[in-house]
J.: 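Pasting a structure below so you can have a look.
First the proteins, then the strands, lettered A, B, ... as listed; each starts at 1.
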Amino acid sequence: MLDLQFICDELDQVRQNCENRGIQVDLDALIALRDQRRELITTGDKLRSEQKEVSGRIPKASKEEKPQLIAQGKELREQVGKVEEQQKEVEQKLRDIQSQIPNMTHPDSPVGRSEDDSVTVREVGEKPNFDFKPLDHVDLAEKLDLLDLNAGGKVAGHGFYFLKNEGVLLELALVQYAVEKLLAEGFTIMTTPDLARDEVLEGIGFNPRGNEAQIYSVENSDLNLVATAEITLGGMLKDEVVDIETLPIKVAGISHCFRTEAGAHGRATRGIYRVHQFTKVEIFGFAAPDTKLSDEFHQQILKIEEEIFQGLGIPYRVLDIATGDMGGPAYRKYDLEAWMPGRGEAGEYGEVTSCSNCTDYQSRRLNIRCKTPGTKGTQFVHTLNGTAVAVTRALIALLENNQQADGSVVVPEVLRKWVGKDRIEAR
RNA sequence: GGAGAGAUGGCUGAGAGGCCGAAAGCGCCGGAUUGCUAAUCCGGUAUGUCUCGAAAGAGGCAUCACGGGUUCGAAUCCCGUUCUCUCCGCCA
């Protein structure tokens with residue numbers, strides 16, 4: 001959520017930004033509601049002030065005066081009630097509009113409405129040159145007995161899967177590898193709840209119960225299965241004020257992620273590219289409210305993500321995501337797309353990680369602030385997030401890039417200590 | 001799951017219908033003293049929001065977990081929710 005004052009002060013900028021991001025918001029209605037709200041506050045404050053004054057006189061008033069003052073107090077109470085009701089209504093409408101407005105955008109982010117407008121920053125690593133027709137991860141996993149999609153479908157429906165044998169070891173190894181890396185980078189690691197309340201989801205920028213919600217919600221409760229540990233890690237400091245000296249706070253969480261993928265039918269439905277549940281190691285940061293600092297932090301997170309894929313020996317490219325494709329909370333966003341030789345006709349890039357600087361967009365609604373000693377007031381912190389490893393997609397890239405002519409898959413050096421072997425052979 | 005106790009500022013903790021945005025202490029900031037450090041003394045020190053102001057600032061209102069209610073008036077009384085603690089039950 002953007003600051004209301006900022007929206008009103010910089011209306012043209014905000015309007016242009018909504019345009020760039022392909023979001024339609026009725027900003028004029030917002031301004032009208034803001035004015036209404038202001039008026040109601042002024043009237044309400046006056047009435048309350050009067051009410052306080054009247055009730056303050058009562059204990060000292062004479063017996064004769066009292067009944068009249070009490071009657072006056074009653075009258076004022078009713079008026080105050082009415083104004084407050086109106087104010088609530090107006091504020092609800094105001095908030096509805098306000099929360100549709102996306103974050104402002106980094107001046108260097110490419111402007112454009114679709115993912116095709118995103119800019120490739122760099123391509124890293126050598127794509128493998130196969131002297132045979134490479135298989136896709138589904139065929140590979142079947143040969144090596146790493147994955148059971150049928151069983152997943154039977155038990156929970158399409159989009160669920162069982163990992164088996166070295167598939168499991170690879171999942172655990174990828175998690176360990178990411179955790180080891182993040183520890184070395186000074187992150188505090190945690191495992192996190194796989195469920196979270198509506199208000200936390202909303203604070204992070206997810207819409208838990210809308211029509212096209214990507215979220216599984218639990219009936220008769222305000223809980224939802226999390227789509228990412230970004231939700232829980234960000235929610236961790238909800239309503240707190242931290243000393244600015246403690247920033248940046250660097251955390252990382254291991255969690256399951258659940259996504260309904262509503263409306264995504266038919267798009268890359270084969271295999272485990274688009275699934276309803278996967279394991280992820282997520283990077284999260286709380287930074288001082290200074291775009292220069294949070295941008296630097298953002299670059300650090302990107303660097304970590306890249307080093308993780310470099311370490312795995314998987315070729316990838318970095319995309320600077322276009323304004324229209326980055327989602328509401330992000331101020332700037334990068335994606336890593338790994339080379340997936342089994343995708344499409346002759347291999348394609350597929351998204352494996354992303355990282356965003358959300359500046360104060362999430363913290364404003366979550367009410368996460370920091371305080372600078374010796375100064376008045378508080379400021380909303382900046383939040384950042386990124387994927388260290390999303391297991392299923394990393395697994396796809398890993399299997400497809402490391403396949404051999406005989407159908408076996410070479411285990412990347414860095415994972416061998418956990419997988420316990422160099423190569424996964426067909427059974 | 002059952003029974004009970006509780007939630008107060010950055011922290012600890014008093015207050016039990018009006019004199020309470022809230023004692024005291026800690027912490028922090030400014031100053032005095034000080035060879036340095038420590039100690040001592042004095043003063044200041046919540047957040048949000050609206051109005052006025054170029055600003056410094058001044059004023060109104062709100063906030064004692066959250067949401068309702070009672071009352072002329074609620075941190076204080078009542079109801080609901082969330083969370084914490086203790087005991088019992090169950091359990092990996």
J.: Got a sec, which residues hit side chain to side chain contact (heavy atoms under 4.5 Å, CB included) with A:Y361, two or more places apart in sequence or on another chain?
T.: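 Partners of A:Y361 by the side chain to side chain contact (heavy atoms under 4.5 Å, CB included) criterion, ordered by chain and then number, come out as A:L2, A:N103, A:P329.
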J.: Considering only the C1' atoms, how many Å lie between B:A75 and B:C64, rounded to the nearest integer?
T.: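 Their C1' atoms lie roughly 4 Å apart.
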J.: If each of A:R57 and A:D3 is mapped to the nucleotide of RNA chain B with the nearest heavy atom, which maps nearer the 5' terminus, i.e. the 5' end?
T.: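 With A:R57 and A:D3 compared, the 5'-side residue is A:R57.
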J.: Expressed in whole Å, how much space separates the C1' atoms belonging to B:U84 and B:G27?
T.: 25 Å
J.: Run the side chain to side chain contact (heavy atoms under 4.5 Å, CB included) test against A:P193 and tell me which residues pass, sequence neighbours left out.
T.: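 By the side chain to side chain contact (heavy atoms under 4.5 Å, CB included) rule, A:P193 matches A:T232.
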J.: CD of A:E50 versus P of B:C61: gap in Å, rounded?
T.: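 Taking atom P of B:C61 as the reference, CD of A:E50 is at 11 Å.
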J.: Please report, rounded to the nearest Å, how far the P atom of B:G17 is from the CD1 atom of A:I58.
T.: 18 Å
J.: Closest approach of A:G73 and A:Q51, non-hydrogen atoms and distance?
T.: O-NE2, 4.3 Å
J.: Hey, can you pull the residues of residues 60-76 of chain A with a non-hydrogen atom under 4.0 angstrom from RNA chain B?
T.: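 By residue number: A:I70, A:G73, A:K74.
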J.: At a cut-off of 3.5 Å, list every protein nitrogen or oxygen paired with a nitrogen or oxygen from nucleotides 82-85 of chain B, distance to 0.1 Å.
T.:
unit_1 : atom_1 : unit_2 : atom_2 : d
B:U82  : O3'    : A:R197 : NH2    : 3.0
B:C83  : OP1    : A:R197 : NH2    : 3.2

J.: Could you label the plane-to-plane angle of the A:F187 and A:F297 rings as parallel, tilted or perpendicular, counting under 30° as parallel and over 60° as perpendicular?
T.: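 Geometry flag for A:F297 against A:F187: tilted rings.
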J.: Rounded to whole Å, please give me the gap between CG in A:D198 and C1' in B:U81.
T.: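 Answer to the nearest Å: 14 Å.
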J.: Only Watson-Crick and G-U wobble pairs with both distances less than 3.5 Å should count. Give RNA chain B in dot-bracket notation, marking inter-strand partners with |.
T.: ((((((((.[[[..)..(.....]]]((((((.......))))))(((((((....))))))).[[[[[..)....]]]]])))))))....
J.: Check whether any side-chain nitrogen or oxygen of A:S55 sits under 4.0 Å from OP1 or OP2 of B:U71, and answer yes or no.
T.: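 A:S55 to B:U71 OP1/OP2: no side-chain N or O under 4.0 Å.
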J.: Please write out each protein N/O paired with an N/O of nucleotides 50-55 of chain B under 3.5 Å, distance rounded to 0.1 Å.
T.:
unit_1 : atom_1 : unit_2 : atom_2 : d
B:U51  : OP1    : A:R38  : NE     : 2.5
B:U51  : OP1    : A:R38  : NH1    : 3.2

J.: What distance do A:L237 atom CG and A:R369 atom CZ have between them, rounded to the nearest 0.5 Å?
T.: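 So the CG of A:L237 and the CZ of A:R369 are separated by 12.5 Å.
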J.: Under 3.5 Å between N/O atoms: give me all the protein pairs with nucleotides 63-69 of chain B, atom names plus distance.
T.:
unit_1 : atom_1 : unit_2 : atom_2 : d
B:G68  : OP1    : A:K88  : NZ     : 2.5

J.: Taking the minimum atom-to-atom distance to the side chain of A:R369, which one of B:U47, B:A62, B:G18 wins?
T.: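 Between B:U47, B:A62, B:G18, the one nearest the side chain of A:R369 would be B:U47.
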J.: Is a side-chain donor-acceptor pair under 3.5 Å present for A:D12 with A:Q16?
T.: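 Their side chains do not contain a donor-acceptor pair, so the 3.5 Å distance test is not met.
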J.: If you take all heavy atoms of A:I7 and A:Q98, which pair is closest and at what distance?
T.: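 For A:I7 versus A:Q98, the nearest heavy atoms are CD1-CG, 3.9 Å.
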J.: Judged by each residue's nearest nucleotide on RNA chain B, which is more toward the 5′ side, A:K46 or A:P59?
T.: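 Checking each residue's closest nucleotide, the 5'-ward one belongs to A:P59.
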J.: Please collect all salt bridge (Lys or Arg N to Asp or Glu O under 4.0 Å) contacts where either partner lies in residues 61-84 of chain A, sequence neighbours excluded, each pair once.
T.: A:R48-A:E84
J.: Can you tell me which residue pairs pass the side-chain hydrogen bond (donor to acceptor under 3.5 Å, both in side chains) test with a partner in residues 384-400 of chain A, sequence neighbours excluded?
T.: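 Of all non-adjacent pairs touching residues 384-400 of chain A, those that pass side-chain hydrogen bond (donor to acceptor under 3.5 Å, both in side chains) are A:H137-A:E400, A:E230-A:N385, A:Y273-A:R393.
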J.: Could you work out the separation of B:G31 and B:G17 based on their P atoms and round it to a whole Å?
T.: 45 Å
J.: Which of parallel (below 30°), tilted (30 to 60°) and perpendicular (above 60°) describes A:H276 and A:Y216?
T.: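 Ring orientation, 0 to 90° scale: perpendicular.
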J.: Using atom P in both nucleotides, what's the gap between B:G69 and B:G1 to the nearest angstrom?
T.: 29 Å
J.: Let me see the working for A:I101 and A:C18 under side chain to side chain contact (heavy atoms under 4.5 Å, CB included), right down to the final yes or no.
T.: CA-CA 7 Å; A:I101 301 174; A:C18 288; 4.1 Å; yes
J.: Residues two or more places apart in sequence or in another chain: which of them pass salt bridge (Lys or Arg N to Asp or Glu O under 4.0 Å) with A:D26?
T.: none
J.: If I take atom CE in residue A:M1 and atom P in nucleotide B:G48, what distance separates them, rounded to the nearest angstrom?
T.: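 Interatomic distance, CE of A:M1 to P of B:G48: 14 Å.
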J.: Report the distance from atom CG of A:D3 to atom CG of A:D360, rounding to the nearest 0.5 Å.
T.: 8.0 Å
J.: Answer yes or no: does a side-chain N or O of A:S49 lie under 4.0 Å from OP1 or OP2 of B:C61?
T.: yes
J.: Under 4.0 Å: is that the gap between some side-chain N or O of A:Q51 and OP1 or OP2 of B:C72?
T.: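 No, no such contact exists.
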J.: Quickly work out the A:E53 CD to B:G18 P distance and round it to whole Å.
T.: 19 Å
J.: Tell me which one of A:K280, A:E306, A:E282, A:E305 satisfies side-chain hydrogen bond (donor to acceptor under 3.5 Å, both in side chains) with A:T353.
T.: A:E305
J.: Rounded to whole angstroms, how far apart are CZ on A:R48 and P on B:C61?
T.: 9 Å
J.: Holding to side chain to side chain contact (heavy atoms under 4.5 Å, CB included), I want the full list of residues that pass it with A:D422, two or more places apart in sequence or in another chain.
T.: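 With neighbours one apart ignored, the set is A:R416.
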J.: I'd like the C1' distance from B:U47 over to B:G4, given in whole Å.
T.: 34 Å
J.: Taking only residues two or more places apart in sequence or in another chain, which ones pass ring pair (Phe, Tyr, Trp, His ring centres under 6.0 Å) with A:F284?
T.: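 Applying ring pair (Phe, Tyr, Trp, His ring centres under 6.0 Å) to A:F284 gives A:F286.
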J.: Can you check the A:E78 CD to B:U71 C1' distance for me, whole Å?
T.: 13 Å
J.: With C1' as the reference atom in both, quote the distance from B:C42 to B:U51 in angstrom, rounded to an integer.
T.: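 Looking at atom C1' only, B:C42 and B:U51 are 36 Å apart.
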J.: For the pair A:R15 and A:E19, find out whether any cationic side-chain nitrogen is under 4.0 Å from an anionic carboxylate oxygen.
T.: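 Salt bridge flag = no for A:E19 with A:R15.
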J.: Check the pair A:I272 / A:F278 against side chain to side chain contact (heavy atoms under 4.5 Å, CB included), numbers first and verdict last.
T.: CA-CA 9 Å; A:I272 53 171; A:F278 59 97; over 6 Å; no
J.: When the distance from CG of A:D243 to C1' of B:G27 is rounded to whole Å, what number comes out?
T.: 11 Å
